[in-house]
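What follows is one structure encoded as structure tokens, with my remarks underneath.
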Amino acid sequence: MTAKIIDGKDIAQQVREDLKKEVKALAARGVQPGLAVIVVGDNPASKVYVGQKAKACAEVGVHSEEHRFPEDVSEETVLQKIAQLNANPRIHGMIVQLPLPEHIRIATVLEAIAPTKDVDGFHMYNVGGLVIGDNKIFPPCTPYGVQFLLEYSDIPIEGRNVVVVGASNIVGKPMGLMLLHKEATVSICHVKTRDLGQFTILADILVVAAGKPGLIVPQMVKTGAVVIDVGINRLPNGKLVGDVDFEGVRQKASHITPVPGGVGPMTVTMLIYNTVEAAKRQTGTGDKSAPKLAG
Ligand code: GUN
């Protein structure tokens, strides 16, 4: 078996074309969705991600602004900026790029963002809403993008065995919850899991977000499984790879996402999706029900 490649770049482009149309329709009603990104310090990966976010906003017609602070900025200054942006009606969505320097408490910063503008879905209110399956929250962008890729590719979720490798707050935990709400049987593995392969071999859908290149080899994958690789690792030779041995596993899986060009482009796209949704909710210009992808 050779797996079908799930082309995240192409699917993300199609979603962005739809979003462009929505943004145009909002413009006709006098609304331009706006996203603010707060960045602290000089983390090189953050610079790349923030650049991609700004570019995607420009492409779709969403207003975006970056608020940069030096590494030694006080927590108080960041909180003041968040308060200003909470009160700014042009800004419908706000994110604080992670990681933050150690002297700034991540939880304090994330809890300061108005839940209605928390388009990353990291505020405790949105996290709690995800746990209980509330459909008015903003789902975090990376797992939301994975869910979209599965649904777009007509991969059934209900009743299937899902194994998520990685239990982070940003990807693994919310991913497990989202697919649980879609009525999958979900296992979440993590760094202390013994004999990882015993779990992964049972997966009909395997989502890997561990940050370890080459972690998933063909012997760990069931024939015909759907394999979603969320890892992004830079090898010493400069090559960008995921957590899955792509060439080996593609001979066994039914579907697989490449790195780059799989989940990555969807993460940025879902951020814009959430921002457009936030603008609609805040201005009363949209369907007040959940975004169509929410669990
Ligand atoms: N750092 C790594 N991924 C993310 C993300 O999805 N959102 C934010 N704000 N920071 C990140």
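Whatever order the structure lists ligands and atoms in, that order sets their numbers, starting from 1. Model, not experiment: these values are computed from the prediction. Numbers here simply count residues along the sequence, with the first being 1.
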*Any idea which protein heavy atom is nearest atom 3 (N) of ligand 1, and the distance to it?*
Ile170 CD1, 4.3 Å

*In the protein, which heavy atom is nearest to atom 11 (C) of ligand 1, and how far is it?*
Gln97 NE2, 3.4 Å

*Which residue from Val50, Ile95, Asp120 reaches closest to atom 9 (N) of ligand 1 through any of its heavy atoms?*
Asp120

*For atom 10 (N) of ligand 1, which candidate among Val119, Ile38, Leu98 provides the closest heavy atom?*
Leu98

*Under 4.0 Å between a Lys/Arg side-chain N and an Asp/Glu carboxylate O for Lys280 and Glu22?*
yes

*Is it the side chain (CB and beyond), the backbone, both or neither of Val96 that lies under 4.0 Å from ligand 1, heavy atoms counted?*
backbone

*Could you see which bit of Phe122 sits under 4.0 Å from ligand 1, with heavy atoms only: side chain, backbone, both or neither?*
side chain

*Ignoring hydrogens and geometry, is there a side-chain-to-backbone donor-acceptor pair from Asp229 to Ile256 under 3.5 Å?*
no

Do [X] and [Y] meet the criterion of a side-chain donor-acceptor pair at a distance under 3.5 Å?
{"X": "Gln13", "Y": "Glu59", "value": "yes"}
{"X": "Asp18", "Y": "Gln14", "value": "no"}
{"X": "Gln84", "Y": "Lys81", "value": "yes"}

